[in-house]
Student: 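Sending over a structure as structure tokens; questions will come in a sec.
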Amino acid sequence: MNLQSVKALYHAEMARSLRTILQSVVSPVVSTSLYFVVFGSAIGSRINEVDGVSYAAFIVPGLIMLMLLTQSVSNASFGIFFPRFSGSIYEVLSAPISYVEVVLGYVGAAATKSTLLGLIVLGTASLFVPMHIEHPFIMLLFMVLTALTFSMLGFVIGIWADGFEKLQLVPLLIITPLTFLGGTFYSISMLPPFWQAVTLFNPVVYLVSGFRWSFYGNADVSIWASLSVVFLFLCISLALVAMIFRTGYRLKP
Amino acid sequence: MSKARVILSVEQLSKQYSGGFQALDDINLDIRRGEIFALLGPNGAGKTTLIGVICGLVNASSGRVLVDGHDNISEFRQARQRIGLVPQELTSEAFSKVWDTVSFSRGLFGKPPNPEHIERVLRSLSLWEKRNNRLITLSGGMKRRVLIAKALSHEPDILFLDEPSAGVDVELRRDMWAVVRGLRDRGVTIILTTHYIEEAEEMADRIGVIRGGKLMLVEDKHTLMSKLGTKVLTLRLMAPLTTLPESLNDFDLSLSEDGFTLDYGYRSTVSQPSDTPNNIAALLAALAEADIEISDMDTRQSSLEDIFISLVKEQP
């Protein structure tokens, strides 16, 4: 393992986030906090408890998950897309570094950023909403696994995209709608039976539900189903990354 | 060539792109340790593809590359850590600072931090004063220097310079040549592609000419110039001639319109033994015999550019 190279890539990616701290950190924290203010405090005060917790507290895990998914995908996709776009990827491809190490550097940095953001948003939420976390270890595990998995998916998107439009396509048109429809703002038990069944085909439901379980101990689907889905996503993302590097897809002619 | 002298070996290398374009066709090439090798060829000849395959940027269709005895695929770590690449395009992270990006390159190639080495490299390329500048604020020439600094940051044994003089001014070009010679003196092998034949003529020890993906020749520069080059002897006459006397018909002569100048084209002595009729002594004797007096004379050797153009214009 060429740790020096992984470290260099990881630090360069983290430094890029620090250079753009307003966009990388402040912006997602502010926009997620606005959700807490609008849906939690303003509208939430008129909504009854959901699954035994206040509405404001109920939406916290879903909102953190929403931010975690979108930030993981966009951080990782931009991290690899920009060197491809500018041409500076030549340096990574010609370095004595294996594909696993390249992924560790880029995805590791993106997942670190997303996890840190998740923790910052969690801290910010606790300023607006009184809440407790029943299973902090599982909460952290969920956060890290989700950040890793979706950073890897973002990495794949960053390689697949051949323009800025495609780069935004998946986060805006797939991730965000699936998250909104995945129980971020409601419990799926509130839906009619038909839509409950349909919703179970949305993988994000399992992520939000499992994450919410780690906070309040109750969930729409079992925690094991949620963990299985996270691992399934992780395996799919790993397989895609392995395929990309084995074939040189969009990296090497 | 003995194996110890060879630092880079390209064996039966071919590359066909997915669209069917044959960029490289059975290339065989040995690069000697410590030499400056210039790869010349017209646009689309395969120069950049060849460099790309050697450096790991392009997948070869067949053949193999050995870098100091290490296969560049199965032993990519050992192979790639010996190579520094300066690409043709000015590609860089626009918002990084010079110091940071050069240090990053060193780390990326697996070397531990060495601020003294980075400082030496930056000073040698006149970049020290710019070390805290963001790349986006630098001129094209300065960015080119940064790319060279990045390639040198991990102390490579082989340096690839893909069109190093593209878009740089004369001063920088001269500076770069000095840096390249300094590197060669320290034992670094340099492989450069260039459109500036003057650059190859000035710096290279050996020349390779590639066209249509095929390596047409590899030759020591001086041997190449003496084998394929021609010379022209220009004679200024005391009195004008209207026609050439018959006694001079054996010589490749051309008379100027005013009749005062005779040009004599001949091969240099390596390829044209002096006992053939077409030599200078015989010409001067023939001129004396014909009572043609000479007031001045001058010789000019064809440049590498002339040779290159004649080579790439030849039909396959």
Side-chain angles (χ1 to χ4, degrees), chain A residues 1-24 78-106 108-109 158-159 162 164 243-253, chain B residues 15-19 21 23 48-49 51-61 67 70 72 75-97 100-101 103-113 134-136 147 150-151 153-154 156 160 162:
Chain A
M1 175 71 76
N2 187 346
L3 283 179
Q4 197 72 45
S5 304
V6 176
K7 211 167 94 181
L9 267 180
Y10 182 87
H11 283 162
E13 277 301 289
M14 293 303 283
R16 187 171 62 80
S17 297
L18 285 178
R19 278 202 306 271
T20 56
I21 197 161
L22 274 177
Q23 180 205 337
S24 307
F78 194 79
I80 187 69
F81 176 78
F82 194 71
R84 282 184 57 225
F85 176 73
S86 69
S88 59
I89 191 75
Y90 84 88
E91 206 175 10
V92 175
L93 294 176
S94 63
I97 180 169
S98 72
Y99 297 141
V100 174
E101 291 154 1
V102 172
V103 174
L104 272 179
Y106 279 110
I159 288 175
D162 53 10
F164 283 97
M243 194 185 73
I244 281 171
F245 279 120
R246 204 173 47 245
T247 59
Y249 174 72
R250 298 246 168 148
L251 286 174
K252 285 187 184 187
Chain B
K15 171 65 186 175
Q16 187 173 37
Y17 284 105
S18 53
F21 176 65
T48 301
T49 301
I51 289 181
V53 171
I54 294 170
C55 295
L57 306 178
V58 176
N59 291 323
S61 303
V67 182
H70 299 283
N72 79 331
E75 299 172 282
F76 71 93
R77 287 190 203 275
Q78 293 89 331
R80 290 185 193 171
Q81 69 191 13
R82 286 166 167 78
I83 294 177
L85 168 64
V86 182
Q88 192 177 142
E89 303 292 331
L90 292 174
T91 55
S92 55
E93 289 278 0
F95 302 104
S96 295
K97 291 180 179 173
D100 294 340
T101 194
S103 303
F104 163 73
S105 298
R106 184 177 171 85
L108 186 66
F109 275 74
K111 287 282 177 81
R134 293 193 191 282
L135 298 184
I136 198 169
L147 290 183
K150 282 165 79 70
S153 66
H154 64 281
F160 281 93
D162 194 1

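Letters go in sequence order (proteins before strands), and every chain restarts at 1.
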Student: Return the option, out of A/Ala12, A/Ala8, A/Pro96, with the maximum number of heavy-atom pairs under 4.5 Å with chain B.
Tutor: A/Pro96
Student: So among A/Val102, A/Leu9, A/Val6, which one has a side chain to side chain contact (heavy atoms under 4.5 Å, CB included) with B/Leu108?
Tutor: A/Leu9
Student: Under 4.5 Å heavy-atom distance to chain A, tell me which part of B/Ser96 shows up: side chain, backbone, both or neither.
Tutor: both
Student: Rounded to the nearest 0.5 Å, what separation is found between the OG atom of A/Ser5 and the CZ atom of B/Arg80?
Tutor: 11.0 Å
Student: Rounded to the nearest 0.5 Å, what separation is found between the CD atom of B/Gln81 and the CG atom of A/Asn2?
Tutor: 8.5 Å
Student: Does any heavy atom of chain A fall under 4.5 Å from the side chain of B/Lys15, the backbone, both, or neither of them?
Tutor: side chain
Student: Has A/Lys7 got more than 12 heavy atoms of other residues, nucleotides or ligands less than 6.0 Å from its NZ?
Tutor: no
Student: Find the distance between OG (B/Ser103) and NE2 (A/His11) and round it off to the nearest 0.5 Å.
Tutor: 13.0 Å
Student: Which answer fits B/Ser105, side chain, backbone, both or neither, if we ask what part of it has an atom under 4.5 Å from a heavy atom of chain A?
Tutor: both
Student: Which answer fits B/Phe104, side chain, backbone, both or neither, if we ask what part of it has an atom under 4.5 Å from a heavy atom of chain A?
Tutor: both
Student: Please classify the contact between A/Val92 and chain B as side chain, backbone, both or neither, with a heavy-atom cut-off of under 4.5 Å.
Tutor: both
Student: Please round to the nearest 0.5 Å and tell me the distance separating atom CD of A/Gln4 and atom NE2 of B/His154.
Tutor: 13.5 Å
Student: Pull out the residues in residues 78-86 of chain A that come under 4.5 Å of chain B, heavy atom to heavy atom, sorted by number.
Tutor: A/Phe82, A/Pro83, A/Ser86
Student: Going by side-chain contact (heavy atoms from CB on, under 4.5 Å), name the residues that satisfy it together with A/Tyr90, two or more places apart in sequence or in a different chain.
Tutor: A/Ser94, B/Leu57, B/Leu85, B/Pro87, B/Thr91, B/Leu147, B/Lys150
